[in-house]
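Some notes on the structure that comes next.
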Amino acid sequence: MRQKIVAGNWKMNKNLDEAKELIKGIKKEVKAGIEKGTRVMIAPSFVNLQSAVKKTQKSIIEVAAQNMHQSKNGAFTGEVSADMLINLGVNIVILGHSERREYFGETDALLAQKVDAALGNGLEVVFCFGELLEDRKSENHFKVVENQLKKALFHLQKGSFANIILAYEPVWAIGTGETASPEQAQEMHAFVRELFAKEYGKDTADTISILYGGSVKPANAKEIFSKPDVDGGLIGGAALKAEDFAAIIKSI
Ligand code: 13P
């Protein structure tokens with residue numbers, strides 16, 4: 001079902017004490033009232049997931065991981081499996097973030113494997129994609145996005161998309177203070193929905209949620225969220241302050 005979602009990607013920020021403090025702040029803020037039906041997610045680092053699950057138990061806040069390994073288990077020093085997440089009570093994982101692609105060499109082919117492993121273990125996936133600045137400048141952004149989606153997701157059966165949330169994050173807008181204009185976001189989201197309509201049918205296209213990410217702040221969230229094909233946001237920097245994150249949630 002197409003849902004309204006605001007997710008905070010904490011990246012490599014917040015130690016355990018700080019994470020607990022931030023969750024406390026978000027809980028207080030969201031209690032004060034958010035529009036019914038909006039899903040609120042936070043993605044702390046692996047080491048703080050267990051505590052986050054415990055601290056959010058009686059709230060609407062859902063906990064997501066920022067990554068996972070594609071293998072079931074084995075000799076992969078430093079990695080975390082889907083089963084480990086599920087066993088902790090984490091039911092959502094972010095995959096394909098541009099920072100994973102850029103700094104850790106994650107390719108579309110690898111992401112296809114990670115998506116399969118996540119879905120196979122019953123995790124819901126927030127799948128990120130988006131073009132580089134040079135792609136936009138050379139007007140290749142639609143082609144780049146189409147390729148990312150085709151290579152990592154289009155091997156899936158239609159039914160799998162009930163457990164996938166898409167997140168368009170143009171790389172040039174991440175952490176730069178430069179946001180895609182609401183029109184640019186809408187244009188890409190509509191393009192992606194059309195791709196899904198062609199590949200999987202209008203029902204799938206109409207029910208998949210597409211989030212926008214890249215310098216979303218309380219000041220610009222409302223306008224971005226007002227666009228018809230934008231179903232919510234994946235928030236980085238502004239998710240690290242309870243008041244800002246709450247203000248963004250309330251903008252939807
Ligand atoms: P910023 O909101 O800090 O630009 O980060 C966006 C992002 O990468 C969320 O995953």
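Any value given below was found using the heavy atoms of this structure, including those in side chains, with hydrogens, waters and symmetry copies removed. Counting convention: from 1, in listed order, for ligands and their atoms alike.
The neighbour count for E223 CD, taken as heavy atoms of other residues, nucleotides or ligands under 6.0 Å away, does not exceed 12.
Here's the thing with E99: none of its N/O atoms is less than 3.5 angstrom from an N/O atom of ligand 1. Backbone and side-chain nitrogen or oxygen atoms of T176 are examined, and none is located within less than 3.5 angstrom of a nitrogen or oxygen of ligand 1. Residue G175 has at least one N or O atom closer than 3.5 Å to an N or O atom of ligand 1. The N/O atoms of G213, backbone and side chain alike, include none that comes under 3.5 Å of an N/O atom in ligand 1. Residue-to-ligand polar distances place G236 within reach of ligand 1: an N/O pair is separated by less than 3.5 Å.
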| request: Please report the C-alpha distance between F161 and F196 in whole Å, then the side-chain angles of each, then the deciding distance to 0.1 Å, and finally whether the ring-ring contact (aromatic ring centres under 6.0 Å, His included) criterion is met. | output: CA-CA 10 Å; F161 291 99; F196 273 81; 5.2 Å; yes

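The atoms of ligand 1 that sit less than 4.0 Å from any heavy atom of G237 are 1 (P), 2 (O), 3 (O). Residue G214 approaches ligand 1 through these ligand atoms, each under 4.0 Å from one of its heavy atoms: 4 (O), 6 (C). Taking every heavy atom of E169 and a limit of under 4.0 angstrom, the matching atoms of ligand 1 come to 6 (C), 7 (C), 8 (O), 9 (C), 10 (O). Counting atoms of ligand 1 from 1 in the listed order, those under 4.0 Å from a heavy atom of S215 are 1 (P), 2 (O), 4 (O). Every atom of ligand 1 with a heavy atom of L234 under 4.0 Å away is listed here by number and element: 9 (C), 10 (O).
By the ring-ring contact (aromatic ring centres under 6.0 Å, His included) test, H141 pairs with no residue at all, sequence neighbours left out.
Salt bridge absent: R193 and D206 never bring a charged side-chain N and a carboxylate O closer than 4.0 Å. A salt bridge links E106 with K114: the closest approach of a Lys/Arg side-chain nitrogen to an acidic carboxylate oxygen falls below 4.0 angstrom.
A heavy-atom separation below 4.0 Å is not found between K217 and ligand 1. Ligand 1 does not have A238 within reach: every non-hydrogen atom of the residue lies 4.0 Å or more from it. Proximity of A173 to ligand 1 is established by a heavy-atom distance of less than 4.0 Å.
Residue contacts with ligand 1 for N9 involve side-chain atoms from C-beta outward but no N, CA, C or O (heavy atoms, distance under 4.0 Å).
Geometrically, R100 engages F104 in a cation-pi contact defined by less than 6.0 Å to the ring centre and at most 45° from the axis.
Between the side chains of D229 and Q186, at least one donor N or O sits under 3.5 Å from an acceptor N or O. Counting only N and O atoms by type, the side chains of E131 and Y168 include a donor and acceptor under 3.5 Å apart.
Every pair passing salt bridge (Lys or Arg N to Asp or Glu O under 4.0 Å) that includes a residue from residues 169-191 is listed here, sequence neighbours excluded: E183-K227.
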